[in-house]
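First comes the structure, then the notes that go with it.
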Amino acid sequence: MKAKKSLGQNFLIDEKIIEQINDSIEATSNDLIIEIGPGMGALTKKLKQKNANLICYEIDTDLKIYLNALEDNKTKIIYKDILQSDIKEDIKNIIYDKLYIVGNLPYYITTPIIKYLINLNLLVNEMIFMVQDEVAERFSAKEATSSYGSITLYLNYYYKVEKLFKVSKHAFNPVPKVESAIIKFTKRVDKPHVNTDKYFKLINDAFKMKRKTLKNNLQNYDYEKIKEVLQKHNLDDNIRAEELSEDIFLDIYNSLFGD
Ligand code: SAM
């Protein structure tokens, strides 16, 4: 079958990598795994060996010829756009302990998929995804690095995000233009207590203009309060948002909106 570029189809062909991804998912027979974009089933076949409940969302019905054979009483393929799916409804009758979401994601919608999953508010234990290496860097970046931005803080609010390993573009057919990486999201138990609308707006505003200082980007906020927080941490008034850790953003948030 000819891969459809428009659907981000780059199929994994490196058995070692498939094995490595499979090994990083700790699910057992009492758990539920949701796979996004099973493709021809390269990873699905391995996942099935865990004997967990497995639900896969694939948009392309042409792949039925590969995927039909993988369906059984614990494995179900749903031919649907993941972004239009009703996961809660689809899994409501399955009894399971832990929920894992995995996939070699279609890169044209990596961030929409992850945001969609976060907004569903499912009780997910871990998510393990193949993403573009550059995206993995952004998602797991530390402050004061060029990859750090508002998406880093947004994702790390919900999950501890770790880049597990890099994957060469030659592990795929067709060979994509970019290098890839496996990234792991582990549910945070110490999620800060904030009003998320206000907190994420503050972060988005802080990073609005990359070259501008925090002070310039946050002109609509009470800057005297922000300045006090910066002084407390011995930070310069001309600092940029990318220098600030989550702890400092939380301090700023509390000084602006806390009681
Ligand atoms: N898991 C397979 C593998 O590793 O070989 C295929 C991975 S391929 C990078 C991405 C897969 O996601 C393709 O099978 C593609 O058809 C599917 N896909 C693309 N957009 C999708 C969407 N909106 N919802 C569900 N699946 C989608």
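The analysis underlying the following values was restricted to heavy atoms, covering all of them including side chains, and did not include hydrogens, waters or symmetry mates. Predicted model, so just to flag it, every value in this text is computed and none were measured. In each ligand, atom 1 is the first atom listed, and ligand 1 is the first ligand listed. FYI, the numbering just counts along the sequence from 1.
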If you measure from each non-hydrogen atom of [X] to ligand 1, which part falls under 4.0 Å: side chain, backbone, both or neither?
{"X": "Lys80", "result": "backbone"}
{"X": "Leu63", "result": "side chain"}
{"X": "Tyr57", "result": "backbone"}
{"X": "Tyr108", "result": "side chain"}
{"X": "Ile113", "result": "neither"}

Option whose closest heavy atom lies nearest to [atom], chosen from [options]:
{"atom": "atom 1 (N) of ligand 1", "options": "Ala42, Gly39, Gly37", "result": "Gly37"}
{"atom": "atom 21 (C) of ligand 1", "options": "Ile82, Asp81, Ile59, Leu67", "result": "Ile59"}
{"atom": "atom 5 (O) of ligand 1", "options": "Asp14, Leu47, Leu12, Thr44", "result": "Leu12"}
{"atom": "atom 8 (S) of ligand 1", "options": "Gly8, Ser6, Ser85", "result": "Gly8"}

message: Less than 4.0 Å is my threshold; does some heavy atom of Met40 fall inside it relative to ligand 1?
response: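 Judged by the 4.0 Å heavy-atom criterion, Met40 does not count as contacting ligand 1.
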query: If we only count heavy atoms from C-beta on, is the Glu179 to Lys166 side-chain gap below 4.5 Å?
result: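 Side-chain contact under 4.5 Å: yes.
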- prompt: Any side-chain heavy atom of Leu43 within less than 4.5 Å of one from Asn104?
  reply: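 No. Closest side-chain heavy atoms not under 4.5 Å.
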- request: Could I get the full list of salt bridge (Lys or Arg N to Asp or Glu O under 4.0 Å) partners for Asp72, not counting sequence neighbours?
  value: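 With sequence neighbours excluded, Asp72 shows a salt bridge (Lys or Arg N to Asp or Glu O under 4.0 Å) to Lys48, given in chain and number order.
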Below 3.5 angstrom, do we get any N/O pair linking [X] and ligand 1?
{"X": "Leu43", "answer": "no"}
{"X": "Asn10", "answer": "no"}
{"X": "Asp60", "answer": "no"}

Quick one: which ligand 1 atoms are inside 4.0 Å of a heavy atom on [X]?
{"X": "Glu35", "value": "1 (N)"}
{"X": "Leu105", "value": "9 (C)"}
{"X": "Pro38", "value": "1 (N), 2 (C)"}
{"X": "Asn104", "value": "1 (N), 3 (C), 4 (O), 7 (C), 8 (S), 9 (C), 10 (C)"}

- request: Fit a plane to each ring of Phe200 and Tyr154, take the angle between them on a 0 to 90° scale, and name the class: parallel (under 30°), tilted (30 to 60°) or perpendicular (over 60°).
  value: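 The arrangement is perpendicular - the two ring planes meet at more than 60°.
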task: Anything under 30° is parallel, anything over 60° is perpendicular, the rest tilted; go ahead and classify Tyr199 against Tyr253.
output: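 Perpendicular: the ring planes of Tyr199 and Tyr253 meet at over 60°.
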Could you check whether [X] pairs with [Y] (Lys NZ or Arg NE/NH1/NH2 to Asp/Glu carboxylate O, under 4.0 Å)?
{"X": "Glu58", "Y": "Lys4", "value": "no"}
{"X": "Asp197", "Y": "Lys201", "value": "no"}
{"X": "Lys76", "Y": "Asp90", "value": "no"}

- prompt: Which pairs pass side-chain hydrogen bond (donor to acceptor under 3.5 Å, both in side chains) with one or both residues in residues 138-148, sequence neighbours excluded?
  reply: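 For residues 138-148, and leaving out neighbouring residues, there are no side-chain hydrogen bond (donor to acceptor under 3.5 Å, both in side chains) pairs at all.
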- request: Assess whether side chain to side chain donor-acceptor pair (under 3.5 Å) is satisfied between Asp60 and Tyr79, documenting all intermediate values.
  value: CA-CA 7 Å; Asp60 186 1; Tyr79 292 93; over 6 Å; no
